[in-house]
> 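Sending over a structure as structure tokens; questions will come in a sec.
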Amino acid sequence: MDVVELLESAGLLVPEEAATANDLSLRDVWDCLAHDDWQVALDVLEEFGDGRPLSSAFWDRLAEAAERLGLERSAAWCHWRSAETRSGMVRADLTLRSAAEARRSTPIPGHGVLRPMWDIGIPAPTGGLSVSVAALWVEDLPWLEPGGRATVRLVPLTPSHWTHVVPGRRITLHEDRTVAGTALVLETRPPSPSH
């Protein structure tokens, strides 16, 4: 499929009555495509995902279109959203410990490449620390400095470990045995049954 076909097929996976926060609709997408404004069409389609969960097929098509347009950040975001659909998502307010308090002295990359361990309250069989791994995306920032604070999105690598995590729960970030940061869970979304 070429870019236009990918964008059209993604648009067909959006419910007809859907609208973005700016009241843009599928009609606006079709107008953009008719005028060869592919990047704007892609941007509008991405915004539909903010209103309601959409399928991983939708996000995969957008990711491929973004890759063909050379939009690396947008492609990474669409791949991330596809992973959220398949594995679930946790949004949290994360505060990293400062470089003086923790081992990390460099910023955390913000675009889903880090897969740290999280203490989410599951006791280990031996009574020690039990952690679960989740990929981390920093919202609205390219990275998060030691001592910094931001809203993050987590995609669990083993979704079944995270079913008890609910808004209001505190979880801790680990890159080794020491605590690297703490997070307050703001929102959770289970994996989509249909992807």
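Worth knowing before you read on, the calculation uses all heavy atoms, side chains too, and leaves out hydrogens, waters and symmetry mates. Nothing fancy with the numbering, it's 1 onward along the sequence.
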> Could you measure the distance from the CH2 atom of W80 to the CH2 atom of W59? Nearest 0.5 Å is fine.
13.0 Å
> So T182 and L173, do their side chains get closer than 4.5 Å, heavy atoms only?
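L173 vs T182: side chains apart.
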> Between T158 and S132, is there a side-chain heavy-atom distance shorter than 4.5 Å?
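No - every pair of side-chain heavy atoms lies 4.5 Å or more apart.
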> Please tell me if the side chains of L186 and T151 come closer than 4.5 Å, counting only heavy atoms from C-beta onward.
yes
> Considering only heavy atoms from C-beta outward, does the side chain of L6 approach that of R68 to under 4.5 Å?
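Side-chain contact under 4.5 Å: yes.
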> Is a donor on one side and an acceptor on the other found under 3.5 Å between the side chain of E101 and the backbone of S98?
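Present.
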> If hydrophobic clusters are built from ILVMFWY residues whose side chains come within less than 4.5 Å, do L114 and V138 share one?
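Both belong to a single hydrophobic cluster.
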> When you compare the side chains of H79 and E84, does any donor N or O come within less than 3.5 Å of an acceptor on the partner?
no
> For G147, is there any backbone N or O sitting under 3.5 Å from a side-chain donor or acceptor partner on R149?
no
> To the nearest 0.5 Å, tell me how far E46 CD sits from L62 CG.
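Those atoms lie 6.5 Å apart.
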> Does any part of the side chain of V152, heavy atoms only, come nearer than 4.5 Å to the side chain of W137, both counted from C-beta?
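The answer is no, as the side chains (C-beta and beyond) never meet within the 4.5 Å cut-off.
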> Dump the intermediate steps for salt bridge (Lys or Arg N to Asp or Glu O under 4.0 Å) on E139 and R153, then the final yes or no.
CA-CA 7 Å; E139 290 186 357; R153 298 171 83 99; 3.1 Å; yes
> Kindly compute the distance separating CD1 (I108) from CG (L141), expressed to the nearest 0.5 Å.
11.5 Å
> Quick one, P53 and R189 - any side-chain contact, counting heavy atoms below 4.5 Å?
yes
> Can a donor-acceptor pair be found between the side chains of D60 and S82 at a distance below 3.5 Å?
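A donor-acceptor contact under 3.5 Å links the two side chains.
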> Report the distance from atom CZ of R81 to atom OG of S55, rounding to the nearest 0.5 Å.
11.5 Å
> Check S105 against A99 and note the closest heavy-atom contact, atom names and distance.
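That would be CA-CB, 4.1 Å.
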> Do side-chain atoms of R169 reach the backbone of A183 as a donor and acceptor pair under 3.5 angstrom?
no
> State yes or no: do W30 and L24 share one hydrophobic cluster built from I, L, V, M, F, W and Y residues joined by side-chain heavy-atom distances below 4.5 Å, directly or via other members?
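As far as the 4.5 Å side-chain criterion goes, L24 and W30 are connected within one cluster.
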> For the residue pair W118 and W162, does the interplanar ring angle fall in the parallel (under 30°), tilted (30 to 60°) or perpendicular (over 60°) class?
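Perpendicular: the ring planes of W118 and W162 meet at over 60°.
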> Rounded to the nearest 0.5 Å, what separation is found between the CD atom of E145 and the CZ atom of R104?
10.5 Å
> Taking the side chain as C-beta and beyond, is there a heavy-atom pair between E187 and V90 under 4.5 Å?
no
> Should we say atom CD of E72 is surrounded by more than 12 heavy atoms from elsewhere, each under 6.0 Å from it?
no
> Going only through I, L, V, M, F, W and Y residues with side-chain contacts under 4.5 Å, is there a path from L45 to V40?
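Yes, L45 connects to V40 through the hydrophobic network.
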> Does some side-chain heavy atom of V185 sit less than 4.5 Å from a side-chain heavy atom of D93?
no
> Can you tell me how far apart CG (D28) and CG (D43) are? Round to the nearest 0.5 Å.
13.0 Å
> Do L26 and L12 land in one hydrophobic cluster if side-chain heavy atoms of ILVMFWY residues count as linked below 4.5 Å?
yes
> Pair H174, D119 - check side-chain contact (heavy atoms from CB on, under 4.5 Å), show working.
CA-CA 7 Å; H174 294 264; D119 178 356; 3.8 Å; yes
> What's the shortest heavy-atom distance between A180 and A102, and which atoms?
CA-CB, 4.5 Å
> Do I122 and L157 land in one hydrophobic cluster if side-chain heavy atoms of ILVMFWY residues count as linked below 4.5 Å?
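Cluster IDs for I122 and L157 differ.
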> Just checking Q39: does its CD atom have more than 12 heavy atoms from other residues, nucleotides or ligands closer to it than 6.0 angstrom?
no
